[in-house]
There are 4 protein chains.
Amino acid sequence: MNKAILIGRLTKDPELKFTPSSGIAVANFTLAVDRNYTNQEGKREADFIPVICWRKLAENVANNLTKGRLVAVSGSIQTRKYQAQDGSNRYVTEVVAEEVKFLDWPKDKPQENIPDNFVEVEGEELPF
Amino acid sequence: MNKAILIGRLTKDPELKFTPSSGIAVANFTLAVDRNYTNQEGKREADFIPVICWRKLAENVANNLTKGRLVAVSGSIQTRKYQAQDGSNRYVTEVVAEEVKFLDWPKDKPQENIPDNFVEVEGEELPF
Amino acid sequence: MNKAILIGRLTKDPELKFTPSSGIAVANFTLAVDRNYTNQEGKREADFIPVICWRKLAENVANNLTKGRLVAVSGSIQTRKYQAQDGSNRYVTEVVAEEVKFLDWPKDKPQENIPDNFVEVEGEELPF
Amino acid sequence: MNKAILIGRLTKDPELKFTPSSGIAVANFTLAVDRNYTNQEGKREADFIPVICWRKLAENVANNLTKGRLVAVSGSIQTRKYQAQDGSNRYVTEVVAEEVKFLDWPKDKPQENIPDNFVEVEGEELPF
DNA sequence: TTTT
DNA sequence: TTTT
């Protein structure tokens, strides 16, 4: 069992890339998630949480979200090893999004232009 | 909103420390959380997720958990900046545990010796 | 472990009551939560989930939310027994909210008039 | 967004049925989920939460779980209308399981006889 | 390296 | 640096 649920704002526009071998879409962004309390100076702090998503969801995110947008993300927490420039091993912990719900809209863009308020990861069959 | 829920096994015994200034207990451990699928070689992989907890919960964890124990953890995802040895900034993403539920027990230690199967973060008042 | 997280809209204004003996505030409302798929007629359906909250959170909810508002709720699932009018036992399953995050605002009411975008259940102490 | 995560014990053996028209497997059970506090008499109470699951997961649950087993369930909360015997409308709130993780095993049955500790809802494709 |  |  591995579940993560976040509500926060994109710190930048999402980055869309494609895997070199199979050309699969992958998007990365960071969410600023407000903490539920204020620090000693009375300021509300935030956590800056890296999020990754794949395929149709990645494209939907890259095409419709920009810096500052408010979203809800559900998915799981993943750890990944990578090589730093100096050749040493480094570890990232990030959220792999399965669902991204858009919670606000840019003032200059009418809401009708946004394809979908929710983003299906994969079609779900109903048992009836 | 910032929620994380994990079920996994400790990769090592927890480390208990105390903050230098106020002497508050803090425990760290890593959870190996199985993924719900197998890789190309048919092997089940795991994510290795760092967990931190504070105060009474930290002491309870340090006193009762050891490498290999199965637990459920709920809490939130936090990012933290720290200085690497070379002076550069580094960022960690980890789970701050609010609740740790013990899901199995060492065979050599009778279950009666373990103070509590669940760990209260703070006393909850009932409205009646 | 018992966690529920919902994003949806209030189907009515919240109802605020007080417990007869101790006068503790309790608010009830129902959330319409969209399902992530459409039915055979291509219509998006919703679940109508009863939510209850207590004390300061109940008053905050009753004073600031109205029919149609979008919120995120986190808490736990509770079952409760009650007597129907015919004297038979009936059971309700509902979500006990611990956190309610306001996600939109009425167009006619400036956002500044709303005391708090997030609602603290209880003050959290920081370990530093 | 609609997420529920529970850890608890089955109050009875699961009930397996099949939909009349399409013969799809559906299993029902109730989970006793301990609350994280004790009542005025110092007793730990529980919530009794109805759970439903479908298809392969329903069969896996019916074949491998019995009264008293400890499981973790993740899924969503659903409301359903049905007709009582007196013809009046009644509403149920229940958890639709997407994942059921077995957390203990009957003492008389070796663990090897249980097909799978985790239950895949549907095969997940890896992006590599 | 961070959002409103 | 990883658990069963």
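Letters go in sequence order (proteins before strands), and every chain restarts at 1. Only heavy atoms go into these numbers, but all of them, side chains included; no hydrogens, no water, no symmetry mates. Here the structure is a predicted model, which is why all the values come from computation and not from measurement.
In the set dT3(E), dT1(F), dT3(F), the nucleotide with an atom closest to the side chain of A46(B) is dT3(F). Ranking dT2(E), dT1(E), dT2(F) by closeness to the Y91(B) side chain, first place goes to dT1(E). For F48(A), taking side-chain heavy atoms from C-beta onward, the closest of the listed nucleotides dT1(E), dT2(E), dT2(F) is dT2(E). Here the nucleotide nearest the side chain of A32(B), chosen from dT1(F), dT3(F), dT4(E), is dT3(F). Closest approach to the D34(A) side chain among dT3(F), dT2(F), dT4(E) is made by dT4(E) (side chain taken as heavy atoms from C-beta onward).
The CG-P distance, from L70(B) to dT4(F), rounds to 11 Å in whole Å. Between D13(A) atom CG and dT1(E) atom P the separation is 20 Å, expressed in whole Å. As rounded to whole Å, 10 Å separates atom C1' of dT1(E) from atom CG of N89(B). In this structure, CD1 of I77(A) is placed 20 Å from P of dT2(F), rounded to the nearest angstrom. Put simply, CG on L10(A) is 20 Å from P on dT1(E), counting in whole angstrom units. If you take NZ of K12(A) and C1' of dT1(E), they are 5 Å apart, rounded to a whole angstrom. As rounded to whole Å, 7 Å separates atom P of dT4(E) from atom CZ of R9(A). L6(B) has its CG atom 14 Å from the C1' atom of dT3(F), to the nearest Å.
Across all strands shown, K67(B) has heavy atoms under 4.0 Å from sugar-phosphate atoms exclusively, and none from any base.
Between the CD atom in E99(B) and the CG atom in L57(B) there is a gap of 9.0 Å [rounded to 0.5 Å]. Considering CH2 of W54(B) and OG1 of T19(B), their distance stands at 6.5 Å, rounded to 0.5 Å.
Using a 4.0 Å cut-off between a side-chain N of Lys or Arg and a carboxylate O of Asp or Glu, D34(B) and R9(B) do not qualify as a salt bridge.
The side chain of K81(B) places an N or O atom within less than 4.0 Å of a non-bridging phosphate oxygen (OP1 or OP2) of dT1(E).
No donor-acceptor pair closer than 3.5 Å links the side chain of R69(C) to the backbone N or O of L10(C). A donor-acceptor pair under 3.5 Å is absent between the side-chain atoms of N2(D) and the main chain of L6(C), judged by distance alone.
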